[in-house]
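Presented below is the structure to which this report refers.
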2 protein chains.
Amino acid sequence: MQTALGMRTPAAPEPPVERPQYELIELFFFAYRDFVGDPDRTLEQYGFGRAHHRVLHFVERNPGLTIAALLDILRITKQSLNRVLKELLEKGYVEQREGLTDRRQRLLYATPRGRALAVDLACMQTKRIDRALAECGAGTEAAAKRFLAAMIEPADRPVVAQLAQHDDDLESRS
Amino acid sequence: MQTALGMRTPAAPEPPVERPQYELIELFFFAYRDFVGDPDRTLEQYGFGRAHHRVLHFVERNPGLTIAALLDILRITKQSLNRVLKELLEKGYVEQREGLTDRRQRLLYATPRGRALAVDLACMQTKRIDRALAECGAGTEAAAKRFLAAMIEPADRPVVAQLAQHDDDLESRS
DNA sequence: TCAGTTACGTCAGTGATGTTGACATATCCC
DNA sequence: GGGATATGTCAACATCACTGACGTAACTGA
């Protein structure tokens, strides 16, 4: 495939933004780097990478997730997913069960071991978040959630909202 | 360089987090994915990737940046940096000049073409940011900046602050 | 029931980005 | 002049993504 340099729409008007938000751009970069850096060090000890973390996280958060739904969340190809998922299965962090109504589906569940690791990783990230929120004034948490949610592509928000919905389910059960 | 994990005040008994901040963790993931996704599509047309974007961004923002300073910002090896930097040099998006006081140094500058691309990419990200901020209430911008800054590893904040300082220089000159 | 679609697995090859380790070169500083 | 510093480079490798093609089992509807 060739890069179609000459084919970019010349009529791209792109109303050129009042002033680039350099500060937020850079803060976002550094904050995210450190945010994912915490789990990275732990994952290394298990022979896992970030890809494994993402899979484990969403499976643990959404018991019974199908492969198709996971692919939709992660936005990677099934070949990419399969490699890391296979390792999580072999090492006993995730398990598959046959779909209840559709036997073609593989419903994914975190094993106790997988759940423990997922929670551990989530807690390290939570520590950084809580520390950050403690440094900031009250109301920062709500503002941060609003801002991050608004940064998400509108078309994708239903998917994200559905994951959050699932959070509510879990909470109301406890 | 090692992070002095073992040297933190032992009086911190690691209170194991009240409740995992699942919502913020997931929002952060999705928001960042879309935040970097915008430039990705443009970069592809130039045969560049995210690595090129990061280098170009910080060079454009900090004219005269040295290789060592850039390595410190990006936290990658010089071999990794060299590959992408070489491409940016060859394609004429960045240029090198001899250090003024130290002739071993290569001071990096964005060319006009490089500056144009860097600004273009920053503006696409700014559009998403501005749209998000417009959706949120007043005060969200300040809160978001506070939160993201607080998420950064304290030891790294001086570096980030120095970059922001440079922003101020540029502003006061304009 | 049979044909088409769907859900998933897998083989093979490639590319982008990161790593470690070793070594070369030019320059600075004492 | 000798050691440290700033940078460049060669080689090998790991991770995580991609495309394309093909296989299998199970659902679905005419």
Side-chain angles (χ1 to χ4, degrees), chain A residues 1-3 29 32-33 36-37 39-41 43-57 59 64-91 94-108, chain B residues 1 29 32-33 36-37 39-57 59 64-91 94-109:
Chain A
M1 192 180 69
Q2 294 285 344
T3 57
F29 168 72
Y32 193 78
R33 185 187 66 176
V36 295
D40 279 357
R41 286 181 286 276
L43 288 160
E44 210 175 337
Q45 302 173 338
Y46 291 81
F48 291 148
R50 276 184 207 174
H52 302 84
H53 183 193
R54 291 195 286 266
V55 170
L56 181 58
H57 172 88
V59 168
L65 202 63
T66 64
I67 303 286
L70 193 46
L71 287 175
D72 191 46
I73 291 170
L74 298 176
R75 295 279 182 78
I76 58 177
T77 58
K78 60 180 176 179
Q79 294 91 329
S80 290
L81 172 58
N82 207 261
R83 189 180 347 104
V84 298
L85 183 54
K86 204 189 295 182
E87 288 171 12
L88 287 169
L89 289 165
E90 285 168 358
K91 294 187 181 176
V94 170
E95 62 181 13
Q96 291 181 334
R97 298 181 206 160
E98 216 170 46
L100 302 172
T101 61
D102 187 337
R103 285 171 51 211
R104 290 172 305 179
Q105 293 180 331
R106 310 294 155 96
L107 308 187
L108 301 172
Chain B
M1 189 181 68
F29 168 72
Y32 193 78
R33 186 187 66 177
V36 296
D40 278 357
R41 286 181 284 276
T42 295
L43 287 160
E44 208 177 339
Q45 302 174 338
Y46 291 81
F48 291 147
R50 277 182 206 174
H52 302 84
H53 183 194
R54 290 194 285 267
V55 170
L56 182 59
H57 172 88
V59 168
L65 202 64
T66 64
I67 302 287
L70 194 46
L71 288 175
D72 192 46
I73 290 170
L74 299 176
R75 295 280 181 76
I76 58 176
T77 58
K78 60 180 175 179
Q79 295 90 328
S80 289
L81 172 59
N82 208 261
R83 192 176 338 110
V84 298
L85 183 55
K86 203 188 295 182
E87 288 172 11
L88 287 169
L89 290 165
E90 285 168 357
K91 293 187 181 176
V94 169
E95 61 181 14
Q96 290 181 334
R97 298 181 205 160
E98 218 170 43
L100 302 172
T101 61
D102 187 337
R103 286 173 48 212
R104 290 172 303 180
Q105 294 180 329
R106 309 296 154 95
L107 307 187
L108 302 172
Y109 295 87

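Only this structure's heavy atoms are used, side chains among them; waters, hydrogens and symmetry mates stay out. In what follows, chains are A, B, ... by sequence order, proteins preceding strands, each numbered from 1.
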Does dA17(D) have OP1 or OP2 sitting under 4.0 Å from an N or O in the side chain of R54(A)? yes

Winner on side-chain proximity to Q79(B), out of dA22(C), dT19(D), dG8(D), is dA22(C)

From Q79(A), K86(A), K78(A), residue fulfilling side-chain contact (heavy atoms from CB on, under 4.5 Å) relative to N82(A): K86(A)

Would you kindly give the CG-to-C1' distance between L89(A) and dG9(C), to the nearest whole Å? 12 Å

Using whole Å, report how far CD of Q105(B) lies from P of dC29(C). 10 Å

Integer-rounded Å distance: dT17(C) C1' and L74(B) CG: 12 Å

Under the criterion side-chain contact (heavy atoms from CB on, under 4.5 Å), I'd like the reasoning laid out for L108(B) against V55(B): C-alpha separation, chi angles, the key distance, then a yes or no. CA-CA 10 Å; L108(B) 302 172; V55(B) 170; 5.8 Å; no

How many whole angstroms separate atom CZ of F48(B) from atom C1' of dG15(C)? 16 Å

Please determine whether a side-chain nitrogen or oxygen atom of T77(B) lies at a distance below 4.0 Å from atom OP1 or OP2 of dT19(C). yes

Tell me: CZ of R75(B) to P of dT19(C), nearest whole Å? 11 Å

Side-chain touch T66(A)/D102(A), heavy atoms, less than 4.5 angstrom: no

Are any of H52(B)'s side-chain N or O atoms less than 4.0 Å away from OP1 or OP2 of dT17(C)? yes

Please report, rounded to the nearest Å, how far the C1' atom of dC8(C) is from the CG atom of D72(A). 16 Å

Of all the nucleotides listed (dA17(D), dT7(D), dG18(C)), which has the minimum atom distance to the side chain of I76(B)? dG18(C)

Kindly state which residues belonging to residues 96-104 of chain B come within less than 4.0 angstrom of DNA chain D, counting heavy atoms of the residue only, listed by number. Q96(B), R104(B)

Does any non-hydrogen side-chain atom of R54(B) lie less than 4.5 Å from one of F29(A)? yes

Can you name the closest pair of heavy atoms from V84(B) and A51(B) and give their distance? CG1-CB, 3.7 Å

Report the distance from atom CG of L74(A) to atom CZ of R33(B), rounding to the nearest 0.5 Å. 8.0 Å

Identify whether any heavy atom of K78(B) sits under 4.0 Å from a base atom; if not, whether one sits that close to sugar-phosphate; answer base, sugar-phosphate or nothing. base

Euclidean distance, atom CG of residue L81(A) to atom P of dA17(D) [Å, nearest integer]: 9 Å

Would you mind classifying the nucleic acid contact of R50(B) as base, sugar-phosphate or nothing, using non-hydrogen atoms under 4.0 angstrom? sugar-phosphate

Side chain of R106(A), heavy atoms from C-beta onward: which of dG9(C), dT19(C), dT7(D) has the nearest atom to it? dG9(C)

Given side chains that start at C-beta, do those of L107(A) and L65(A) come closer than 4.5 Å, heavy atoms only? no

Which of these nucleotides, dA17(D), dG8(D), dT10(C), is closest to any side-chain atom of I67(B)? dG8(D)

What is the distance, to the nearest angstrom, from the CZ atom on R83(A) to the P atom on dT14(C)? 16 Å

